[in-house]
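Report on the following structure.
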Amino acid sequence: MNDIQFDTLIDSYLTNKVGIDKAFLSEKLSKGLQQNIIQLELDKTMTHAGIGNAKLKDSNQKMRGDKIAWLDKTNNNAFEQEFLAIAEEFITHLNNTCYTGINSYEFHYAVYEKGSFYKKHKDQFKTDNNRKFSFINYLNDDWLEADGGQLCLYQNDEIEKIQPHAKTAVFFKSDEMEHEVMLCNRSRMSISGWLKRI
Ligand code: OGA
Ligand code: MN
């Protein structure tokens, strides 16, 4: 991927704190990653986010209903490797142009089945401030307004709504941007990730 494409994301981020590129991933890569999620679902590899004791898990599920699986280079999946290579190029470009000092990252696939949502939250935990930027890539074809599942970003009494269309990428600062995933009326697929300084 070339630097000009990264600049679409970075320039819109610098303009209003929400980076958006509606044509970030290629059609082929988007389809390949979508297929990976479908397979992970069939294999029952996707698990509800939030592990630990049952009580914690239970309260977590009132907050968020997505199921996740982490990406890993050692999975030896061509699409997954291509995606992570793009993420690494993006990090290099971001560090070179914005002096962000990112030195680590993590990404997971996510599926929100019909009826799922993720209530308003920030991505940086009180106990862990390593997450500097959130970077989300959507993988849904033909998404309609009525399908719900919009990402709502809350900034100074304004709400920005983003449709989770395939190839759309969103980028924002993890510690300050409050956001929410609205109730999904159909299955919604994405890759969510964080650029970290550890
Ligand atoms: C998250 C999250 C938003 C989205 O995974 O923390 O807020 O639009 N995801 O999927
Ligand atoms: Mn989030």
Side-chain angles (χ1 to χ4, degrees), residues 9 12-13 16-22 24-25 30 33-34 36-38 40-41 45-52 56-57 59-72 80 83-84 87 102 104-155 158-196:
L9 214 46
S12 51
Y13 164 74
N16 77 340
K17 298 191 176 180
V18 181
I20 301 180
D21 184 346
K22 292 188 173 173
F24 187 72
L25 295 182
S30 180
L33 294 167
Q34 186 192 93
N36 282 354
I37 295 192
I38 291 167
L40 288 165
E41 281 250 84
T45 308
M46 309 280 300
T47 53
H48 275 287
I51 35 159
L56 193 77
K57 193 167 174 182
S59 65
N60 216 337
Q61 280 173 20
K62 293 198 178 83
M63 179 80 191
R64 63 186 291 189
D66 57 329
K67 287 195 292 179
I68 65 162
W70 294 94
L71 279 73
D72 195 318
E80 198 162 318
F83 176 82
L84 292 172
I102 300 303
S104 181
Y105 62 81
E106 59 191 355
F107 287 94
H108 64 56
Y109 295 104
V111 178
Y112 291 73
E113 280 162 2
K114 184 176 171 162
S116 305
F117 52 81
Y118 195 157
K119 288 188 183 164
K120 197 168 163 184
H121 67 283
K122 290 183 192 169
D123 282 346
Q124 200 178 80
F125 306 121
K126 286 193 182 81
T127 49
D128 172 1
N129 61 4
N130 293 335
R131 288 179 171 183
K132 301 302 176 193
F133 295 97
S134 305
F135 183 36
I136 305 161
N137 282 267
Y138 299 110
L139 305 171
N140 308 292
D141 297 319
D142 310 313
W143 194 267
L144 303 174
E145 179 86 38
D147 294 328
Q150 289 80 21
L151 170 67
C152 289
L153 297 152
Y154 295 87
Q155 265 200 95
E158 285 190 22
I159 305 175
E160 180 171 359
K161 280 192 185 182
I162 295 171
Q163 304 292 337
H165 291 302
K167 301 191 280 184
T168 294
V170 181
F171 174 68
F172 53 84
K173 237 174 143 224
S174 303
D175 64 339
E176 59 184 36
M177 187 62 67
E178 278 198 293
H179 57 282
E180 172 174 13
V181 177
M182 306 307 281
L183 180 72
C184 299
N185 299 320
R186 67 174 250 217
S187 176
R188 174 196 195 266
M189 293 179 278
S190 59
I191 293 177
S192 281
W194 295 277
L195 312 189
K196 311 203 303 185

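Start at 1 and go down the list; that is how both ligands and their atoms are numbered. Being a predicted model, the structure only gives us computed values, none of them experimental.
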Quiz item: So which protein heavy atom does atom 8 (O) of ligand 1 come closest to, and at what separation?
Solution: Y138 OH, 2.5 Å

Please determine if [X] has a nitrogen or oxygen closer than 3.5 Å to a nitrogen or oxygen of ligand 1.
X	value
R64	no
H108	no
S192	yes
R188	yes

Quiz item: Do D141 and Q34 get their side chains close enough for a donor-acceptor pair, meaning under 3.5 Å?
Solution: yes

Quiz item: With no hydrogens and no angle check, do the side chains of Q163 and Y138 hold a donor and an acceptor under 3.5 Å apart?
Solution: no

Enumerated ligand 1 atoms positioned under 4.0 Å from heavy atoms of [X]:
X	value
V181	3 (C), 4 (C), 8 (O), 10 (O)
Y118	1 (C), 6 (O)
W194	6 (O)
H179	2 (C), 7 (O)

Considering all heavy atoms of both residues, which atom of [X] and which atom of [Y] are nearest to each other, and what is their separation?
X	Y	value
S30	A166	OG-CB, 3.7 Å
L40	A69	CD1-CB, 4.0 Å
L183	G115	CD1-O, 3.4 Å
F133	S174	C-OG, 3.0 Å

Exercise. Indicate yes or no for a side-chain donor-acceptor contact from D66 to the backbone of Y112 under 3.5 Å, with no hydrogens or angles considered.
Key: no

Quiz item: Quick check: are there more than 12 heavy atoms from other residues, nucleotides or ligands sitting under 6.0 Å from NZ of K196?
Solution: yes

Quiz item: Applying a 4.0 Å heavy-atom criterion (strictly less than), which segment of D123 is in contact with ligand 1: side chain, backbone, both, or neither?
Solution: side chain

Quiz item: Closer than 4.0 angstrom: is that true for some heavy atom of F172 and an atom of ligand 1?
Solution: no

Quiz item: Does even one non-hydrogen atom of E180 get within less than 4.0 Å of ligand 1?
Solution: no

Practice problem: List the steps, then state whether ring pair (Phe, Tyr, Trp, His ring centres under 6.0 Å) holds for F83 with F107. | Solution: CA-CA 10 Å; F83 176 82; F107 287 94; 5.2 Å; yes

Self-check item: D147: which of R186, R188, K114 passes salt bridge (charged side-chain N to carboxylate O under 4.0 Å, His left out)
Solution: R186

Quiz item: If you round to the nearest 0.5 Å, how far is CD of Q124 from CE of M177?
Solution: 13.5 Å

Quiz item: What residue among F24, F172, Y105, Y13 forms ring-ring contact (aromatic ring centres under 6.0 Å, His included) with F135?
Solution: F24

Quiz item: Leaving waters out, which protein N, O or S atoms fall under 2.8 Å from the Mn ion (ligand 2)?
Solution: H121 NE2, D123 OD1, H179 NE2

